[in-house]
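Note sheet for the following structure.
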Amino acid sequence: MTQLLLTIEDESKVSALKKVLQMMDGVYVTKPHKKRKTGLDLAFEDVAAGRVTKWNSVEEMFEKLNIPI
């Protein structure tokens, strides 16, 4: 199966083009799927936005989070 990606700048042409393509046998019109972000992608975003905390040790982290050891 061959796929073709079209980029259409003029919104008014989209509906007419979809109708023409749907009239053709074996041609299907689908919307592109958005790529889901993985946990690693989200982690990189956290680092870039500064949403990380660095600890000198595990004991220090537990102490700051009020977790008894």
Side-chain angles (χ1 to χ4, degrees):
M1 173 171 58
T2 303
Q3 293 182 346
L4 177 65
L5 174 67
L6 299 174
T7 303
I8 304 165
E9 293 180 11
D10 188 358
E11 271 304 304
S12 65
K13 310 272 188 217
V14 173
S15 63
L17 182 58
K18 280 183 180 180
K19 287 179 185 177
V20 170
L21 291 173
Q22 288 172 346
M23 285 188 242
M24 300 173 73
D25 288 333
V27 176
Y28 303 97
V29 178
T30 60
K31 292 183 179 182
H33 298 285
K34 289 186 178 181
K35 182 182 175 189
R36 289 186 177 178
K37 292 183 181 179
T38 64
L40 185 59
D41 292 331
L42 295 172
F44 283 139
E45 287 179 6
D46 286 341
V47 171
R51 295 185 297 256
V52 294
T53 304
K54 293 185 180 182
W55 308 100
N56 292 324
S57 67
V58 173
E59 289 81 13
E60 180 187 357
M61 179 187 73
F62 285 166
E63 182 181 307
K64 297 285 183 179
L65 296 174
N66 295 324
I67 299 173
I69 4 181

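The basis for the numbers below is simple: all heavy atoms, side chains too, and nothing from hydrogens, waters or symmetry mates. Numbers here are sequence positions counted from 1.
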side-chain contact (heavy atoms from CB on, under 4.5 Å) filter on Glu60, not counting sequence neighbours, yields Trp55, Asn56, Ser57, Lys64
If you measure from CZ on Arg36 to CG on Leu42, what distance do you get to the nearest 0.5 Å? 12.0 Å
To the nearest 0.5 Å, tell me how far Gln22 CD sits from Met24 CE. 12.0 Å
Check whether more than 12 heavy atoms from other residues, nucleotides or ligands sit under 6.0 Å from atom CD of Glu11, and answer yes or no. no
Would you tabulate the side-chain donor-acceptor contacts of residues 2-10 under 3.5 Å, counting partners in other chains and residues two or more places apart, or write 'none'?
residue : atom : partner : partner atom : Å
Asp10   : OD1  : Ser12   : N            : 3.3
Asp10   : OD1  : Ser12   : OG           : 2.8
Asp10   : OD2  : Ser12   : OG           : 3.2

ILVMFWY network linking [X] to [Y], side-chain heavy atoms under 4.5 angstrom:
| X | Y | value |
| --- | --- | --- |
| Met1 | Tyr28 | no |
| Val14 | Val20 | no |
| Met23 | Leu17 | no |

Using the side chain to side chain donor-acceptor pair (under 3.5 Å) criterion, which residues pair with Arg51? Sequence neighbours excluded. Asp46
